[in-house]
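We name chains A, B, ... by the order of the sequence lines, and we start the count at 1 in each one.
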Amino acid sequence: MNTIAASAVQSIDWLAIAPPTITAVLGLVVLVADLFLAERHKPLLGWVSVAGLAIAGLSLLPLRDGDRTTFCLVSDGNVCSYVADDFTIVIQLLVLGGALLTALLSVHAVAELKLPAGEYWFLLLSSAAGAALLPASRDLATLVIALEVASLPAFALVGLRRGDRLAAEAALKFFLSSVAATAVTLLGVSFVYATTGSMHVAEIADGLTHVDSRLETLAQAGVALTLIGFAFKTAAVPFHFWVPDTYVGAPLPVAAYLSVIGKAVGFTGLIVVTVRAFPSYADVWGPAMAALAALTMTVGNVAALRQRPDRAHSAVRLLAWSSVGQAGYLLVPIAAAGYADSTAEAEHAIGATVAYALMYAAVNLGAFAVVALVAQTTQTAQPVQSAQATHTTHTAQAAQTGQTAQPAHATETAEPAQRSNDGAGHRLTDHRALYATHPLAALSLGFFLLCLAGLPPGVIGLFAKVTVFSAVVDAGLGWLAVVMAVNVVIALYYYLQWTAALFRAPTAVPATVPTAASAAPSSAGEASAAGEPVPVSAAVPEAQVVSGTAPGPRVDVGTLASGTPGTAAHQAAHRGARTGESATDAVRPRVPAPLAATVALTAAIAVALSGAPQLVLRFASGTLF
Amino acid sequence: MSQNVMQLLLAAIVVLPLIGAVAALLPAPPGLRGRDPEQAVLRHGVTVTGLVLALAIALAAGFDHDSPESMQATTDIRWIPALDIRIHLGIDGISLPLLVMTALLTFLCALYSYFKMPAGPSPMAFVALLLVLEAGTLATFAVLDLILFFLAFEMVLIPMYFLIARWGGQEGPARAGDFARTAPATATAATNTPATEIDAASTAAQSVAHSDASAGDQSGSGRERAAWQFILYTLLGSVVMLLGLLLIGLKGGTFDMVALASDNGAGLSHTTQLIAVLAIGIGLAVKAPMWPLHSWLPDAHTAAPTVGSVLLAGVLLKMGTYGFVRIVLPIAPDGAHTFAPYLAAFAVVGIIYGSLACLALALPSSDQRAEVGPGATLAPTGRKADLKRLIAYSSVGHMGFVLLGISTLTPTGINGALFANIAHGLITGLLFFLVGALKERFGSTDLNYLAGGARASGAALYGRAPRLGGLVVFAAVASLGLPGLAGFWGEMLAMFGAYEPAAGLSRPAYLTFLALAGVGTLLTAAYMLVVVRRVCMGEPDAGGYGAARTAGAAVPVAVGAAAGATGATAAGDLAGTEQTSSADSRRSNGSAGSDSSDSTDGSDSGAGSGGGAGSDGAIADVRGYELAAWAPLVALTVIAGLWPAVLLGLTDPAVQHLLGGGS
């Protein structure tokens, strides 16, 4: 009787499970509180969530020694379902810190996009709780549950923008493909269970060393299939196709969340499964991971390279594809672990992934924050324009982006301007000459991009890549190192191009503005030849402002354009952009404080890490498990 | 001086510019405000670079000249234990001269900019970038860790990119822009007015468009393209280099250059060395630049502002060759040995190619000669013989000598290479300063324009600005390697080294290279003298007998503009008789600006210079601040030429030490 009681009522190490628990409980509290809060107090929920995530992060402090376990088998105290070792703590820090930054990023977006506050914060916190639980899970059932707890709220988050066709489509796409991947993983798990008779990672690792030869194929299939669900979450090619549409359709903070926490979920799961559970099948998953890594970075980077800067949402699309490419780098050390000679070496390689992920989390969230900031300032500049300018904007936009559907009805009324403009601030061209309007944001984004590219002064990005390189070279995977080097070079190009655009001179060719009035064809050709396409919708209102204030080059862009829609409107707006750029200081909308705080925080982290890379790189040298 | 002081000095030299760069972005403290913020920040730049120069001189004074082969003023602290990367600084006889030269050139550039700020956005950013650039270059020469070397190597890219992209081009295009802004202002006002006004407006617009298309080559998108090309080229090279450095670090077990150099390649297999040398060599060769990888250089130089060009040629290129001496030779000697003949071959091709390109630019182009004849006025403007471009190509040639010296793998050759490095830094720095001064005075660096016959705007420096002319001649003959000046020793020693290359290298091949390099020196002398003749000689007096003598030649082609041009068409042309009078008259049309259709042709120089340089023939001679910026370079060129032992005494023991494997 006593033993039954002892086995039924375990003593739980509440401190060890505090980080995910606090997050989960807080999510429920927020959801309930939402029911009783008046509309005007709703913003409080966001701040409560931010504070709660900070507390959850602080609860990691007592766990620093990293040797706590709980939910262990009664029969064998060494086999536990929840382990708070160094690896767990680091990943939980990444997840909770990332969620905190996402929350900061969301505070403004929730109000701006009129998202249901209670639901949004509940979903975000639940997903973060799942993601925080995942690295600690040491049995396959908990692992899959954690994976689903992290994923299911994410589907809802993606589709939370009600009435938005793009969001609904993105959510459905994400949901269907994700569920399919999870199902495959479950199938793999069942195969593994069939061969080893255990769900616990430690016992599976042991059991797989002496599999009945008749079950050998089953075990191999199980190992391979189990990886798929996690590979899906990291957006590894060929499980990546959902990424661009989902990122574009989702609210920007959710896209940022998916790009960092979503990937963390994926690669942590992969690490736990491969290195902890299936070390004896390294010859199965090692080559598979290497192939995945090579494919993922190549496809991601090549696709990112092909993004047209003037396309709607091109900045988000570029970040989406670049995050696919980055996922490839994250997978490289896992592949290297598959070729390691000893467990210690494998864990050493895993450290490179962890170090890289920490760098990537801070920097990528920062990049998303600046993109949100730019979109924000472009949108607030919108109301300045008159209805006539709206007309110009949309005909011009139609001419430029080929998006005929939205502007067609937008020309009828000025009201839908807000909607169709949603994607406008998210274009790469909107970042042109950002330095002139928001020098600090431009410097931060430049720094983030250089970190992602791995170039000085983004020192931390460089060293994170160096650790990955050294892991793969140590493992003797020369070909993968070469593939990665080629990819780093490809990625350099688009990161640099974006960075260079930030610091473009705001006044490009002053001569072209006046020639517009006399409609000299030679200068029209020159205008399009002289520079990249300019953010038309952003520039037109500015041109209006200029022609209103500056007496000099009073070119009535609006009349000129509305008379001859299509290409003429495009050209006029194009020229108007040049007039406007000199006076961008005049239109300088305020930046919401939480957004600015996110940018500042991520920039501070990135700079601190660049100054003292050892802070994250030490994970690459020590053992994590 | 005690070790600690030296240590602090070196650390301060590297860190001070960085602190200065941050400080430049902050508002000036009370008491240091100066006349206005711009002046204050430019003065701040001069102060910081001056301080760094003083520290560098103190470091050189404290340097133990009895043992230049040993690393001195070393600092060695842990930075990233995970990757075994250490902050390891130190100098020896190889790096000390480069360090001092960098500090000197940057100081002179800051001084020059204080008086003559290049046109562009805020001087705050300019000074900050200049200081970051200085920090990067100084760090490159001071660090002794492969990864730190890479970091420092890369650190210069971003400031240089912005210097080219934002401050490049200078007055010519800027003035054309001004013109563009003012002229069409009337055009816009005239939108609803009678046809005549619109006509006038559109002609103005057309002329502007044209001037932008031609003169704008170096402005706006053109210089952004040059900057983009610069950063892309060097970055691609650097990534490859990083792979090589990592390979060495991972296989050799450490990133420490001193440790690796004293191993002298012992810990690295032959294959590793081959791959590493190839990878690192490509990265360094792009920077140096070696012949097939040089194509970014002329564009970057042409587009860069004066100080950018000076630093690019004087300092940045040296980082490449320094890397060869410091990293490739001692750390992977086997690999270096295998690739040395190829390096030498490329170097020699670079010498010949650079000189031929210069010669082609220097000589009056043939298409221009063909223009003489009816209707030639509307012939397309020929290829522009930009002086900056010419000096950039001459850099390719000079760096070819440096690479040839390195590729001999002998102490003689490497000493020659290091000497040529310094000499090239001094002389080419001076040349770019001078070309900047010419551009400021004449509004163009087009050699065809500067030769300009004896028209008022033709340079004819001897007559109009004798001191400036004298300096141009001095720099030119120093560059062509006149014995007694700095340019001579380096190239002589490099060729001397090639006469007897290191054991195991094919002597006949090197003798061939030697002969070709000799031809290169002849070609260098040829184009430099042509440049001197075309820029400096000529008739300063615009009117008088010269005009009468050549009027006959000018008439057939200059009918339309004869009235406006006679005064200026003084095609006396004592210097370059083959210079076409058609080109002269086109230019004079431009400056006269009487005929709008003609002015489109001449506008590339006309719009830029017509009003500015003044056709009155009064050209400012060397100004005080210019003299201050140039005199040290002149003095050092003479000293290094007359007393080469100062430098060779420093480099030789260090080179012997490096080649001998640090034992």
What part of B:L151 lies closer than 4.5 angstrom to a heavy atom of chain A: side chain, backbone, both or neither?
both
Least distance between heavy atoms, B:W79 atom then A:S610 atom
CZ2-O, 3.8 Å
Contacting moiety of B:W228, where chain A heavy atoms sit under 4.5 Å:
side chain
Show your working on side-chain contact (heavy atoms from CB on, under 4.5 Å) between B:I158 and A:L450 and close with a plain yes or no.
CA-CA 11 Å; B:I158 289 168; A:L450 289 181; 3.7 Å; yes
Distance from B:I80 atom CD1 to A:I460 atom CD1, nearest 0.5 Å?
7.5 Å
Find the distance between CD1 (B:I231) and CG (A:L455) and round it off to the nearest 0.5 Å.
8.0 Å
Measuring heavy-atom distances to chain A, does B:F153 have an atom under 4.5 Å in its side chain, in its backbone, in both, or in neither?
neither
Hey, does B:L243 have a side-chain heavy atom less than 4.5 Å from the side chain of A:F469?
yes
Here the gap from B:L83 atom CG to A:F463 atom CZ, rounded to the nearest 0.5 Å, amounts to 7.0 Å
Hey, is the main chain of B:A82 close enough, under 3.5 Å, to the side chain of A:Q614 for a donor-acceptor pair?
yes
Go through A:L496, A:V473, A:L615, A:V489 and name the one with the most non-hydrogen pairs under 4.5 angstrom from chain B.
A:L496
Flag the one option from B:L250, B:L236, B:V240 with the top tally of heavy-atom pairs under 4.5 Å to chain A.
B:L250
Would you check if A:S470 and B:L246 make a side-chain contact, meaning some heavy-atom pair closer than 4.5 Å?
no
Chain A interface, residue from B:L235, B:I147, B:I85 that has the most non-hydrogen pairs under 4.5 Å
B:L235
Residue pair A:F503 / B:R166: nearest heavy atoms and the distance that separates them
O-NH1, 2.5 Å
Does any non-hydrogen side-chain atom of A:R618 lie less than 4.5 Å from one of B:P81?
no
